[in-house]
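Here the structure is laid out as structure tokens; the discussion comes afterwards.
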Amino acid sequence: MRTLAIAAVQTTPVPHDLAATWERFADQVRAVRATFPHVQLVVVPELMLCAEAPLPMYGGRFVPAPDRP
């Protein structure tokens, strides 16, 4: 049996900026690999790479985001 080293990164995207989100992701993966060179798989939140904005909160409840032009 072989061991698979996994790292999980808890992070958020740059809202509505796909290029900046991918750059942040690449930087974080490089940092994980520099710190833990044995890591073979990096896991991130599933919506991280589509650059969605976080859901706005008001009084402990989610509110809809305003329409964008």
Side-chain angles (χ1 to χ4, degrees):
M1 183 180 296
R2 199 176 135 188
T3 301
L4 176 65
I6 301 172
V9 176
Q10 184 62 40
T11 187
T12 59
V14 178
H16 311 294
D17 190 339
L18 189 57
T21 295
W22 275 91
E23 187 61 35
R24 177 185 285 178
F25 169 69
D27 290 344
Q28 291 171 334
V29 170
R30 282 190 286 271
V32 167
R33 294 282 295 146
T35 306
F36 306 101
H38 61 282
V39 167
Q40 299 165 296
L41 177 66
V42 177
V43 180
V44 295
E46 65 182 296
L47 295 178
M48 164 70 178
L49 301 179
C50 66
E52 289 292 323
L55 296 172
M57 297 279 293
Y58 179 75
R61 295 192 297 157
F62 292 111
V63 295
D67 292 333
R68 288 183 272 155

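One-based numbering along the sequence shown.
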| field | Val39 versus Ile6, closest heavy-atom pair with distance | value |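 Val39 and Ile6 have their closest heavy atoms at CG1-C, 4.5 Å.
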Task: Sequence neighbours excluded - salt bridge (Lys or Arg N to Asp or Glu O under 4.0 Å) pairs with any residue from residues 29-45 - done: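 Listed once each, the pairs are Glu23-Arg30, Asp27-Arg30.
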Are Thr12 and Arg24 close enough, and set up right, to give a side-chain contact (heavy atoms from CB on, under 4.5 Å), and what steps lead you there? CA-CA 9 Å; Thr12 59; Arg24 177 185 285 178; 3.5 Å; yes
Answer with yes or no whether the hydrophobic clustering places Val29 together with Val43; edges join I, L, V, M, F, W, Y residues whose side-chain heavy atoms lie under 4.5 Å apart.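 Val29 does not cluster with Val43.
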Q: Please tell me if the side chains of Thr3 and His38 come closer than 4.5 Å, counting only heavy atoms from C-beta onward.
A: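 No, every pair of side-chain atoms sits at 4.5 Å or beyond.
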### Message
By the definition side-chain contact (heavy atoms from CB on, under 4.5 Å), identify the one residue from Val9, Val14, Thr11, Val44 that meets it with Phe25.
### Response
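Checked Val9, Val14, Thr11, Val44 against Phe25; only one passes side-chain contact (heavy atoms from CB on, under 4.5 Å): Val44.
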